[in-house]
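In what follows, a single structure is set out as C-alpha cells and then discussed.
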Amino acid sequence: MKTVYTCFCTDIIHDGHINIIEEAHKRGKVIVGCLSDEALIRYNKFPTISQDERIKLYRSIDGVEEVVIQNDMLYDDVITLIQPDYVVHGDNWMEEPEKAIRDHVEEMLKTYGGELVDIPYTCNEKVKKIDMQLREKLAMPEYRRKRLRQLISMTPIVKVMEAHSGLTGLIVEKTVVEHEGKLDQFDAMWISSLCDSTVKGKPDIELVDMTSRFKTIDDIMEVTTKPIIFDGDTGGLTEHFVYTVRSLERMGVSAVIIEDKKGLKKNSLFGTEVEQTQATIEEFSAKIAAGKKAQLTDDFMIIARIESLILEKKMEDALERARAFVKAGADGIMIHSRKKTPEEIIDFCNKFRDEDKKTPIVVVPSSFNVITEEELAQHGVNIVIYANQLTRSAFPAMQQTAVDILRYHRAKEVDDRLMPIKKIITLIDEL
C-alpha cells in the first residue's frame, strides 16, 4: 500500500481537514504530521491546545492510521524519514509566502519519484466561522495574557515590534516573510510611551495619562491577537502603579516594563544630557513588590528596566540593581544602553547569566542595532524589542509627501510611492 502524508497545524477539525483526509485516503495509508509548537509559531499560528492534545485530536479522525511530529516547517525531517508516495495539502499554499515551502516539498519529492497533490481549499461559511472563533479565542484576555510566558519557553528569542494604533497593530499581526524557505513573523507588540506620545504630538514626559494610553491598547486589542508588552515609564507613584497592574492584567496585557527613575521622566536616549534621577534600589524594589502583590494571575509579568548604563554608572551598579529587583519579584530584567555598539549590553548579559540562568532578559537595540537576534540569544537574551521603528519610518515618508504636494501643487508626483487604499483596507478584517 502506498503512503500518503499530510501536515496539520489546526486546533479544530472542520470540513476542509476532513476533505483532505478523504482525498489522501483514496491514495493509500494516511499519515498525519502534527506541526510542533516551535514550528507552528513561526508558521503564523499559535496553539490554543497543547501539542499532545493536537496529536490525540488527529488520531481520532477516521482514515488516519498514524500521527507523527513534524519539527521542520520545510518537511525535511518527515520526508527523509517516511519518504511518502504522496504529500497532500490544500492549494492555499500556492501563493507567497507559503509557496516557498510548497516548492521545497515538491523538489524533495522529485528526488525519489514522490508526488505532490494540491487539494482545492475548502471555504464555506462553516469553515469561516470556525477560523473566526479560533482567532477570537486567541484575542481573549485569558489566552492573550499568558502567551508571552509561553513564547519565552518555546522560542530562542521573542521578537517584539512597536504598535501605536489599530493599523500598526495589524501590520505587526499580519506581516509574515519567507527567508531561505522558512516563514517568520513578529511574536508580540510593544505599546511605547514615546510612540504613543509622539503620535498625539505630546512630549515623552509621562504627560499622556493612563486613560488615553489604555485607549490605545483597546484599539490594538480589538483587531489583533498577539501578546502585548506595555511601556509603563516609571510606573508613577507606587499607590497608582498597583491600579495600573490590575487594569493591564484585566485587559489581557502580558507584561509591563517600568524603569528605575523618578521625578520628571525624560527619554533615556538623552542620557546624561538632561537631568535624570534614578530611584534608590529600596524605592524601586518596593514598587515592584507592591505590583506583584496586586496582580491576581500568574500569567502577568512585571519587568524591571535598569537605567544605570544609560546614566553612565558602573556595570556593578546595574548588576546590583538586577539582583535586588529579581529578589523583589521582577519577572524579567530589561537592560538599556545608548552606545552604538553592543559590547556593554553583552557584558551585562554575560555577567547576569553567570549568576541567574532563568530570569528573562529584555533588550531594545535602537542604538546598538548592528547585533542580530541570534547573537543576542547566544548571550542569554530572551526578548528583543524594536521600540520605535514603525513611527520613525512613517514620519519622514509623510513629511516628504506633504512637502512635495506643496511644491508641485498637486498629488501626481507622490503617487508612485503611495500604497493603494485598496491594499491598505485588505489588512482590515470584515465580519
Side-chain angles (χ1 to χ4, degrees), residues 5-11 14 16-17 19-20 23 33 35-47 70-79 86-111 114-124 127-128 130-132 134-135 138 155-156 159-161 163 166-189 223-226 372-374 386 389-390 393-394 397 416-430:
Y5 182 81
T6 187
C7 179
F8 282 177
C9 56
T10 184
D11 295 349
H14 56 56
H17 304 111
N19 183 51
I20 290 285
E23 290 297 324
L35 198 62
S36 67
D37 286 344
E38 291 80 2
L40 198 62
I41 292 165
R42 300 273 67 80
Y43 197 68
N44 199 27
K45 303 279 186 179
F46 196 92
Q70 180 176 320
N71 290 305
D72 192 320
M73 195 186 301
L74 293 177
Y75 287 58
D76 287 42
D77 54 345
V78 292
I79 289 181
Y86 300 97
V87 169
V88 177
H89 196 286
D91 63 3
N92 55 315
W93 70 345
M94 297 182 75
E95 296 181 359
E96 298 295 347
E98 294 179 76
K99 185 177 184 298
I101 298 174
R102 182 194 180 279
D103 292 346
H104 182 77
V105 170
E106 189 171 38
E107 288 303 313
M108 287 195 71
L109 292 172
K110 284 180 181 178
T111 62
E115 184 180 339
L116 179 61
V117 181
D118 296 306
I119 305 297
Y121 186 74
T122 302
C123 187
N124 56 40
V127 170
K128 285 181 181 178
I130 290 173
D131 287 342
M132 181 63 73
L134 270 175
R135 184 183 176 282
L138 286 172
T155 64
K159 300 185 291 297
V160 185
M161 172 61 81
L167 185 59
T168 54
L170 283 169
I171 290 171
V172 179
E173 177 92 0
K174 296 191 175 186
T175 299
V176 182
V177 299
E178 178 273 322
H179 179 63
E180 296 179 352
K182 295 187 177 183
L183 303 185
D184 208 355
Q185 62 171 324
F186 293 109
D187 301 301
M189 288 174 277
V223 295
T224 65
T225 66
K226 292 185 187 294
T372 66
E373 294 157 4
E374 183 179 1
Y386 299 99
Q389 280 77 5
L390 290 187
S393 62
D416 60 351
R417 62 176 183 259
L418 304 183
M419 178 181 283
I421 285 292
K422 186 177 180 180
K423 190 171 182 180
I424 292 175
I425 62 178
T426 58
L427 276 173
I428 301 168
D429 297 317
E430 293 185 11

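Below, all heavy atoms of this structure are taken into account, side chains as well, without hydrogens, waters or symmetry copies.
- Among all heavy-atom pairs drawn from Tyr75 and Cys7, the shortest one is OH-CB, 3.4 Å.
- Using a 4.5 Å cut-off on side-chain heavy atoms (C-beta onward), Val105 and Leu109 make contact.
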Item to complete: Give the C-alpha distance, both sets of side-chain angles, the deciding distance and a yes or no for side-chain contact (heavy atoms from CB on, under 4.5 Å) between Thr10 and Ile130.
Response: CA-CA 11 Å; Thr10 184; Ile130 290 173; over 6 Å; no

Worksheet entry | CA sep, side-chain torsions, deciding dist, call: Thr175, Met161, side-chain contact (heavy atoms from CB on, under 4.5 Å) | CA-CA 11 Å; Thr175 299; Met161 172 61 81; over 6 Å; no

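- Here the closest non-hydrogen pair linking Leu183 and Glu178 is CD2-CB, 3.9 Å.
- Taking the side chain as every heavy atom from C-beta outward, Val117 and Val87 never approach each other to under 4.5 Å.
- Take Asn92 and apply the side chain to side chain contact (heavy atoms under 4.5 Å, CB included) test, not counting sequence neighbours, and it matches His89, Tyr121.
- Minimum heavy-atom separation, Asn71 to Ala39: O-CB, 3.7 Å.
- With sequence neighbours excluded, the residues forming a side chain to side chain contact (heavy atoms under 4.5 Å, CB included) with Asn124 are Asp15, Thr122, Lys126, Val127, listed by chain and number.
- For Glu374, the CD atom counts as loosely surrounded, since its 6.0 Å shell holds 12 or fewer non-hydrogen atoms of other residues, nucleotides or ligands.
- Between Asp131 and His14 the shortest side-chain heavy-atom distance falls below 4.5 Å.
- Looking at Glu38 and Arg42, no side-chain N of the basic residue comes within less than 4.0 Å of a carboxylate O on the acidic one, giving no salt bridge.
- With rounding to the nearest 0.5 angstrom, the CD atom of Glu106 is 12.0 Å from the OG1 atom of Thr111.
- Between the CG atom in Asp187 and the NZ atom in Lys226 there is a gap of 6.5 Å [rounded to 0.5 Å].
- The distance from the OG atom of Ser36 to the CE atom of Met73 is 8.5 Å, given to the nearest 0.5 Å.
- Under the salt bridge (Lys or Arg N to Asp or Glu O under 4.0 Å) criterion, Asp91 pairs with no residue at all, not counting sequence neighbours.
- When all heavy atoms of Thr426 and Lys174 are compared, the closest pair comes out as O-NZ, 4.3 Å.
- Met189 CE to Ile171 CD1: the interatomic distance, rounded to the nearest 0.5 Å, is 11.5 Å.
- In this structure, CZ in Phe46 is found 8.5 Å from CG in Leu40, a value given to the nearest 0.5 Å.
- Every residue two or more places apart in sequence or in another chain that forms a salt bridge (Lys or Arg N to Asp or Glu O under 4.0 Å) with Glu107 is listed here: Lys110.
- In terms of heavy atoms, Leu74 sits closest to His104 at O-CD2, 3.3 Å.
- Here the CG-CD distance, from Asp184 to Glu373, works out to 7.5 Å after rounding to the nearest 0.5 Å.
- A donor-acceptor pair under 3.5 Å links the side-chain atoms of Gln185 to the main chain of Ile41, judged by distance alone.
- Annotation: side chain to side chain contact (heavy atoms under 4.5 Å, CB included) contacts of Leu418 (sequence neighbours excluded): Thr401, Val414, Asp415.
- Shown here are the salt bridge (Lys or Arg N to Asp or Glu O under 4.0 Å) partners of Glu98, two or more places apart in sequence or in another chain: there are none.
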Fill in: Val78/Asp72 under side-chain contact (heavy atoms from CB on, under 4.5 Å): CA gap, chis, key distance, verdict
CA-CA 8 Å; Val78 292; Asp72 192 320; over 6 Å; no

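- Listed here is the closest heavy atom pair of Arg135 and Thr225: O-CG2, 3.4 Å.
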